[in-house]
Q: 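One structure coming up, written as structure tokens, with questions to follow.
Just so we're on the same page: letters track the sequence lines, and every chain starts at 1. Because the structure is predicted, anything quoted here is derived from the model rather than measured.
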There are 4 protein chains.
Amino acid sequence: MSARNPKRRSEAASPKRPVVNRASAGKGGVREARSAERRDAILAAALEEFAANGFAGTRLDDIAQRAKIAKGTIYLYFADKETLFQELLRAMFAPIVRALEHIPKSDMPTRDILERMIGLFVQEVLGTRRKDVIRLIIAEGPRFPKLAEFHYREVLSRVMAAMSALMARAIARGEVKNQAYAKFPQLLAAPGLVAVIWSGLFERFAPLDVAAMMRAHLDIVFGERKTP
Amino acid sequence: MSARNPKRRSEAASPKRPVVNRASAGKGGVREARSAERRDAILAAALEEFAANGFAGTRLDDIAQRAKIAKGTIYLYFADKETLFQELLRAMFAPIVRALEHIPKSDMPTRDILERMIGLFVQEVLGTRRKDVIRLIIAEGPRFPKLAEFHYREVLSRVMAAMSALMARAIARGEVKNQAYAKFPQLLAAPGLVAVIWSGLFERFAPLDVAAMMRAHLDIVFGERKTP
Amino acid sequence: MSARNPKRRSEAASPKRPVVNRASAGKGGVREARSAERRDAILAAALEEFAANGFAGTRLDDIAQRAKIAKGTIYLYFADKETLFQELLRAMFAPIVRALEHIPKSDMPTRDILERMIGLFVQEVLGTRRKDVIRLIIAEGPRFPKLAEFHYREVLSRVMAAMSALMARAIARGEVKNQAYAKFPQLLAAPGLVAVIWSGLFERFAPLDVAAMMRAHLDIVFGERKTP
Amino acid sequence: MSARNPKRRSEAASPKRPVVNRASAGKGGVREARSAERRDAILAAALEEFAANGFAGTRLDDIAQRAKIAKGTIYLYFADKETLFQELLRAMFAPIVRALEHIPKSDMPTRDILERMIGLFVQEVLGTRRKDVIRLIIAEGPRFPKLAEFHYREVLSRVMAAMSALMARAIARGEVKNQAYAKFPQLLAAPGLVAVIWSGLFERFAPLDVAAMMRAHLDIVFGERKTP
DNA sequence: GATGAATGAGACTTCATTCAT
DNA sequence: GATGAATGAAGTCTCATTCAT
């Protein structure tokens, strides 16, 4: 339930209700296509607005306006503001998780794998609204227990496990000396979090060369010492 | 525009307005003492509520109730909700910054200094509501530009500078090999950020042994490899 | 500053915002018709309430109740209380000004013209809420500089100019002896103001026969002396 | 009872309560003198504020500040805001009424008497805050029936009666031709009202030469025709 | 008597949600 | 399915009035 909007009328509303597509249950119907388009437009607009204003600070009116639909239309696709919010965050991470789980299967040197992951991170997270989504989760997590739980279960735990495995293998191979990285994969990911936060809040005052920092980080992890 | 007096009052109102205690500027006045008490009570209540619900999600009513005062009383001490919020964050960090700036003056081994700082961090930040305040800043920063700026100027830039100097010294002394820590003090602090976020969001699902992680982090920084 | 979105919205908001009916700009839409109806209902209710209680003394709640709409609906038609107030006064006088400017074009004796104007005044001002609107302007003018300016520009200056011209003609024709009426059309209108004020405040204690007073006034203007 | 402030706590408060002077019932006590001074200071401050902001728009806080006393002190001298308001208006007119009733006793020509009255009016009403008080009565009268009644009874009816008598005498003496002035003394006073209103609202846009207008008015009353 | 901090009813305004068209 | 006008609960802020000091 929302932090501040105690779900006034509906009380025990329909659990999800993507209502859409009732008659046109065929596969490639025009209706269906248009419907999916709308849904995406709403999600895209919602992303912008939530990222900029937070959950409580975003007005459905603004989302509708940005998506060029009527306010009421949102309710045809999402049960309420909170559902929209959570579906949005959910949708944002699905592709990233898939991508991350696919990379490490190869047999290339761990450092190369990590460099690829960092590239992905810089491009797909720092370079997009996703970095704001991470901030949103940090910001609103405590008020949306389900949200935090979902992200732990679906994203974090998997990413952490993957990293842990990756580092264990690297340690076993002798690529990495310090065993701590297998036990605390957070240490591997920490600079990424710093990058996300910094870019969202302090970029303006002191730009951070994220690529360089990440490279330096890898140097530390792999025990090399570059002389810049 | 106000209902009663189309343009009057505040506009470019008094910058702070603790209004209270103008005439009774004696030293130990009862009024004065009680006034400070109230102010603190409000700040304490505000901390709890803001930490739990964010800025927009917090009701002044709840703060008043928690502080056991009337709603209107808040306005005797703070001009409005936003001012209260900012003063709160400001007040929370003053002591920490002071403490951090005092530690590194000694001549003890850098690792000892860092361990002491970490101890302070664990006790005074992770062990208190301050960790939530950090989350608040992350969460609300983009919507309160002044807030982000203030914290960059008053807290972050100083802490980063201090850390950078500390690491430069450690490198010069040969305690630390990797020069990156002087250039990117963020790498030193990153696990602390992880700890804050993790404790606020995921502790429930997977407790994180912060102390152990921090120790492991120091081991990495100082090139030791403990076998746990 | 708003609780939710520190600075956003209105600021230098839409100048008027009848918001309603953007897409449905067809000619005789049902929506459109009902919308105009509502707006009028709100204005009518506002008239009653403002006339009875003044600007600061009127609650939007009461206006809504009288108009049989929800409080929030008012804001679909008017940006805020002040805008509603000013639009109301504006709307009340448009027809009167038009009417007054149309009368004097004829070539009938000046006295007849004035008698007609007085008839209009008695019927359309004294006989309606408009007399209260005049009192409202007198009462609130100093606190709403724009209001006073608007009414001077749009109503008073025109009415005064028209009267001045009328009296100049009457003097040229020999209908009126005293030249002062052209220079101080206020002397011609003064009894009308008295009638408005008196009817609003003292009618109860001492009824004033406005028609008789106005007739006596005309007798003075035109130098006749009726024996009653 | 106030229009908007339904007398919250006291309900059936003490009817008047000028409380002051309990022990020091002597005549020239220092206490007493200081007390009267305070009361006057409050009234003076109240005059400024009410004149500028109307009844509902004035804050007791501002009155207190202007009078350089504490807010609570006002309640030692006046039962509540409304009482203060009414006492103020009452106090403002006592001297004027006395003055007006004293003038016409002489046997000088009526025109001279009227000129003197006009002088008094210009100096003591138009030239002071009293003109604003008249506007206040017009503005707030309908919401304070007692106020309107009081002013009708104590001020208006007397002034009207005095004028009526004066004009009856002038007519009997042949100084004034038109008998209407005895029946409608309002016609005699009307330009004064115009002057008050105009000076309060429109002076800024179009200054009005009140003295000249009044002279022209007298010319009309006395059937003279000055060529300016 | 005087003070001014405290109170709390109530005003304006916003916005998630509903529903007639 | 889509629209957007309407609703009304709830939030922030104000200020007349009280009362402990």
Q: I want to check one thing: is the phosphate of E:dG4, taken as OP1 and OP2, less than 4.0 Å away from some side-chain N or O of B:Arg38?
A: no
Q: Mind listing the closest non-hydrogen atom pair of B:Leu43 and B:Leu88 along with its distance?
A: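 Reported closest heavy-atom pair: O-CD1, 3.5 Å.
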Q: Rounded to the Å, how far apart are B:Leu84 CG and F:dC13 C1'?
A: 13 Å
Q: Distance check: side-chain N/O of C:Arg39 vs OP1/OP2 of F:dA6, anything under 4.0 Å?
A: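 The answer is no; no side-chain N or O of C:Arg39 sits under 4.0 Å from OP1 or OP2.
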Q: Hey, is C:Glu37 close enough to C:Arg34 for a salt bridge, meaning N to O under 4.0 Å?
A: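 No, this pair does not count.
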Q: Can you tell me the Watson-Crick or wobble partner of F:dT12, both distances under 3.5 angstrom?
A: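 Result: E:dA11.
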Q: Which nucleotide, in any strand shown, forms a Watson-Crick or G-U wobble pair with E:dA20, with both distances under 3.5 Å?
A: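 Across any shown strand, E:dA20 pairs with F:dT3.
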Q: Among B:Arg59, B:Arg66, B:Gln65, exactly one meets side chain to side chain donor-acceptor pair (under 3.5 Å) together with B:Glu49. Which residue is that?
A: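 Result: among B:Arg59, B:Arg66, B:Gln65, B:Arg66 is the only option passing the side chain to side chain donor-acceptor pair (under 3.5 Å) with B:Glu49.
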Q: Rounded to whole Å, please give me the gap between CG in D:Asn53 and C1' in F:dT14.
A: 15 Å
Q: Starting from P on F:dC13, measure out to NZ on B:Lys81 and report it in whole angstrom.
A: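 In whole Å, F:dC13 P lies 8 Å from B:Lys81 NZ.
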Q: So does D:Tyr77 get a side-chain nitrogen or oxygen closer than 4.0 Å to the phosphate oxygens (OP1/OP2) of E:dG1?
A: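 Negative; the distance criterion is not met.
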Q: Output the rounded distance in Å from CD (C:Glu49) to C1' (E:dA11).
A: 14 Å
Q: Without decimals, in angstroms, what is the distance between B:Ile74 CD1 and E:dT7 P?
A: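 Atom CD1 in B:Ile74 sits about 10 Å away from atom P in E:dT7.
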Q: Let me know the distance between OH of D:Tyr75 and P of F:dT17, rounded to the nearest Å.
A: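 Taking atom P of F:dT17 as the reference, OH of D:Tyr75 is at 4 Å.
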Q: How many whole angstroms separate atom CG of A:Asp61 from atom P of E:dT18?
A: 15 Å
Q: Both C:Thr73 and C:Leu60 contact DNA chain E. Which one's nearest nucleotide lies toward the 5' end?
A: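 By nearest-heavy-atom nucleotide position, the 5'-most residue is C:Leu60.
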Q: Using 30° and 60° as the class boundaries, would you call the ring planes of B:Phe55 and B:Phe50 parallel, tilted or perpendicular?
A: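 Rings of B:Phe55 and B:Phe50: parallel, under 30°.
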Q: Relative to the 5' end of DNA chain F, which residue comes earlier, B:Gly72 or C:Gly72, by the nucleotide with the nearest heavy atom?
A: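 In this pair, the answer is C:Gly72.
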Q: Of the listed nucleotides (F:dG1, E:dT7, E:dA2), which one gets closest to any side-chain atom of D:Leu76?
A: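 The listed nucleotide nearest to D:Leu76's side chain is E:dA2.
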Q: Whole angstroms only, please: what is the NZ-C1' distance between B:Lys68 and E:dA5?
A: 20 Å
Q: Considering only NZ, NE, NH1 and NH2 on the basic side and carboxylate oxygens on the acidic side, decide whether C:Arg39 and C:Glu87 come within less than 4.0 Å.
A: yes
Q: Which is true for B:Ile69 with a 4.0 Å heavy-atom rule: it touches a base, it touches only sugar-phosphate, or it touches nothing?
A: sugar-phosphate
Q: Confirm from the modelled atom types if D:Lys71 and E:dT3 form a donor-acceptor pair under 3.5 Å, side chain to base only.
A: no
